[in-house]
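Remarks on the structure that follows.
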Amino acid sequence: MKLTWYGHSCMGMEVAGLQLLFDPFISGNPMAKSIKVEEVPATHVLLTHGHGDHVADAEAILKRTGAMLVGNAEICGWYEAKGIKRTTPMNIGGETDLGDCRVRLTIAQHSSTMPDGASGGDPGGFVIFTPEGNFHHAGDTGLMLDMQLLKRYKLNYACLPIGDNYTMGYNDAVEAARYMGVTTVVGMHYNTFPAVTINVEKAKDAFRAAEIRLVLPMIGETIEL
Ligand code: NI
Ligand code: MN
């Protein structure tokens, strides 16, 4: 499958004929000036939680593309009130089909408030089961033992926050990868703004020492995973 990196926790996965877009935060991201939001493709927009740095461009992209919104029931309800009709409301532990793929909503240790202060329900992450392998997008989270449960999904890779402060940092992300049994991690939620700025070389060293591959695509770059 192909991963296109849009910065922060936003990425698009092209798999099984679908364009899965996670946590669109592009127009407000100073690092993503080169990305044209109006050209980002999506058949599905998946939102891990309600924070602005994960949902800021969701409404515009949903309205332009007619993509299906996938998220918890509170987030879907918030967008339904804005006129978004195609939604897949879920809650923690549930799975549903997305074309030839399947999605499971998992827990995250974080918070989830919508940009207007409304409840965004519980924060989450997604496991995506595809004909080309399975992967996890963790959303924003701290390290937690429940990550060990993800090992049974035989994940090809996991997208994990590494920026610290609002989420786990890279050392905890190494541990999270061990818990999940993944050997490839796509690092996210780092170097977007000062509070999540890290020393990337030290992050690479931490993953190298654990013999886990850390993938850090450039903004706009598409890689095969
Ligand atoms: Ni957050
Ligand atoms: Mn965040």
Side-chain angles (χ1 to χ4, degrees), residues 3-13 20-33 35 37 40 42 45-62 69-79 89-92 103 105-128 135-144 146-147 150 158-173 176-177 185-200 203 214-217 219:
L3 180 156
T4 301
W5 177 250
Y6 298 118
H8 205 52
S9 297
C10 181
M11 60 198 81
M13 307 291 186
L20 308 177
L21 181 67
F22 293 84
D23 285 359
F25 169 65
I26 297 164
S27 57
N29 180 353
M31 309 300 288
K33 292 262 179 273
I35 306 296
V37 179
V40 171
V45 174
L46 299 94
L47 302 180
T48 60
H49 64 294
H51 290 161
D53 61 319
H54 298 258
V55 308
D57 293 308
E59 184 180 349
I61 292 171
L62 287 163
L69 170 63
V70 182
N72 69 32
E74 290 83 358
I75 291 174
C76 285
W78 195 80
Y79 281 97
M90 302 181 69
N91 216 325
I92 305 296
V103 57
L105 187 59
T106 63
I107 64 169
Q109 284 287 8
H110 194 64
S111 53
S112 177
T113 306
M114 305 308 299
D116 66 354
S119 170
D122 287 326
F126 296 104
V127 174
I128 310 290
F135 68 92
H136 178 51
H137 186 298
D140 281 1
T141 184
L143 180 66
M144 53 180 175
D146 294 74
M147 288 167 168
L150 303 186
C159 307
L160 302 179
I162 60 172
D164 227 325
N165 193 74
Y166 293 120
T167 68
M168 59 187 177
Y170 53 80
N171 287 313
D172 280 1
V185 167
V186 179
M188 61 182 187
H189 213 272
Y190 74 99
N191 286 7
T192 314
F193 32 75
V196 297
T197 296
I198 60 165
N199 182 324
V200 170
L214 177 64
V215 181
L216 301 174
I219 303 263

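Count residues from 1 along the sequence. One-based numbering, in listed order, for ligands and for the atoms of each.
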Give, for atom [atom1] of [X] and atom [atom2] of [Y], the distance between the pair rounded to the nearest 0.5 Å.
{"X": "D57", "Y": "L21", "atom1": "CG", "atom2": "CG", "answer": "9.0 Å"}
{"X": "M168", "Y": "M144", "atom1": "CE", "atom2": "CE", "answer": "8.0 Å"}
{"X": "D172", "Y": "I162", "atom1": "CG", "atom2": "CD1", "answer": "12.5 Å"}
{"X": "D146", "Y": "I107", "atom1": "CG", "atom2": "CD1", "answer": "3.5 Å"}
{"X": "M114", "Y": "W78", "atom1": "CE", "atom2": "CH2", "answer": "4.5 Å"}

Discussion item. Given 3.5 Å as the limit, does a donor-acceptor pair link the side chain of D140 with the main chain of H110, or not?
Written reply: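 Answer holds: no.
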
Worksheet entry | Polar protein atoms (N, O or S) that approach the Ni ion (ligand 1) to under 2.8 Å |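 Protein N/O/S atoms under 2.8 Å of the Ni ion (ligand 1): H49 NE2, H51 ND1, H110 NE2, D140 OD2.
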
Discussion item. In the structure I gave you, are the side-chain heavy atoms of M13 and F135 within less than 4.5 Å of one another anywhere?
Written reply: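 Yes, their side chains come closer than 4.5 Å.
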
Discussion item. With side-chain contact (heavy atoms from CB on, under 4.5 Å) as the test, pick out the partner of P24 among L47, I35, L62, V55.
Written reply: L47

Worksheet item: Are there any protein N/O/S atoms under 2.8 Å from the Mn ion (ligand 2), and if so, which?
Response: D53 OD2, H54 NE2, D140 OD2, H189 NE2

Discussion item. For a quick check under 3.5 Å, do H8 and D23 share a side-chain donor-acceptor pair by atom type?
Written reply: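 Judged by distance alone, the side chains do not pair up.
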
